[in-house]
Amino acid sequence: MDWERVLAWVAGYERAWRAPGVDALAEIFASDASYQQAPYLEPIVGLAAIGRLWEAERAGPDEEFQLTSSPVALEGDTAVVRVEVRYGGSVPQEYRDLWVIRFAPDGTCRAFEEWPFWPGKNYRAEPG
């Protein structure tokens, strides 16, 4: 894996998110891929489950957002990418995210893990 292929995969992820339906998932995820939305959540496994998650999470292909990404680390088949997403619309939102992406030999993702952070949230452990 190299950075050119990693960043092309990130661009493919954005295209798939913006596309109607979930058929494009097969272009970027292995059929048995795992998808974990946060480090302590159970991953979901398989294209059908990832498709259901995407359909539940996104507003649709006309969703107004801007995604930027920058490389952080690359070791063998695993990349870490910093992503920033800014949503438009009537209630603008933004968040920063680290994506840990493990690639299959064919360049599809076999394991995807997000570490999302939102502004104004307390990220320290609460006492007690």
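Keep in mind the model is a prediction, meaning the values are calculated, not measured.
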Interatomic distance, CD@Gln93 vs CZ@Arg86, rounded to 0.5 Å, equals 12.5 Å
Look up atom CZ in Phe117 and atom CD in Glu94, then write down how far apart they are to the nearest 0.5 Å.
14.0 Å
So Thr78 and Phe103, do their side chains get closer than 4.5 Å, heavy atoms only?
no
Are Trp99 and Val80 packed together at the side-chain level, in the sense that at least one heavy-atom pair is separated by less than 4.5 angstrom?
no
My understanding is that only residues two or more places apart in sequence, or in another chain, count here; which of them pass side chain to side chain contact (heavy atoms under 4.5 Å, CB included) with Ala38?
Leu41, Pro116
If I compare all heavy atoms of Arg5 with all of Gly107, which pair ends up nearest, and what's the gap?
NH2-CA, 3.7 Å
Partners of Glu55 by side chain to side chain contact (heavy atoms under 4.5 Å, CB included), sequence neighbours excluded?
Val22, Arg58
Once you measure the plane-to-plane angle for Phe112 and Trp9, does it fall in the parallel (<30°), tilted (30-60°) or perpendicular (>60°) bin?
tilted
Quick one: CG on Leu7 to CG on Leu74, what's the gap to the nearest 0.5 Å?
9.5 Å
Can a donor-acceptor pair be found, under 3.5 Å and without considering hydrogens, that links the side chain of Asp97 to the backbone of Val83?
no
Would you call Ser69 and Arg82 a side-chain contact if the rule is heavy atoms closer than 4.5 Å?
no
Which salt bridge (Lys or Arg N to Asp or Glu O under 4.0 Å) pairs, counting each pair once, include a residue from residues 100-111, with sequence neighbours left out?
Asp77-Arg110
Reported CG-to-CZ distance for the pair Leu47 and Phe29, which is rounded to 0.5 angstrom:
8.5 Å
With the 4.5 Å side-chain cut-off for hydrophobic clustering, are Trp54 and Val45 part of the same group?
no
Restricting to non-hydrogen atoms, name the atom on Cys109 and the atom on Ala111 that form the minimum distance, rounded to 0.1 Å.
SG-O, 3.3 Å
Which residue pairs pass the side chain to side chain donor-acceptor pair (under 3.5 Å) test when at least one of the two sits in residues 37-47, sequence neighbours left out?
none
Atom pair CD/CD of Gln66 and Glu14 - distance to nearest 0.5 Å
9.0 Å
Face-on cation placement of Arg18 at Phe65 ring, 6.0 Å and 45° thresholds
yes
Ile101 versus Val81: any side-chain heavy-atom pair under 4.5 Å?
yes
Does some side-chain heavy atom of Tyr35 sit less than 4.5 Å from a side-chain heavy atom of Ile50?
yes
Closest non-hydrogen atoms of Ala16 and Ile28, given as atom of the first, atom of the second and distance, are CB-CD1, 3.9 Å
Residues in side chain to side chain contact (heavy atoms under 4.5 Å, CB included) with Thr68, at least two apart?
Glu84
Name all residues meeting the side chain to side chain contact (heavy atoms under 4.5 Å, CB included) criterion together with Ala8; count only those two or more places apart in sequence or in a different chain, and write none if there are none.
none
Hey, are Glu63 and Trp17 close enough side-chain-wise for a donor-acceptor pair under 3.5 Å?
yes
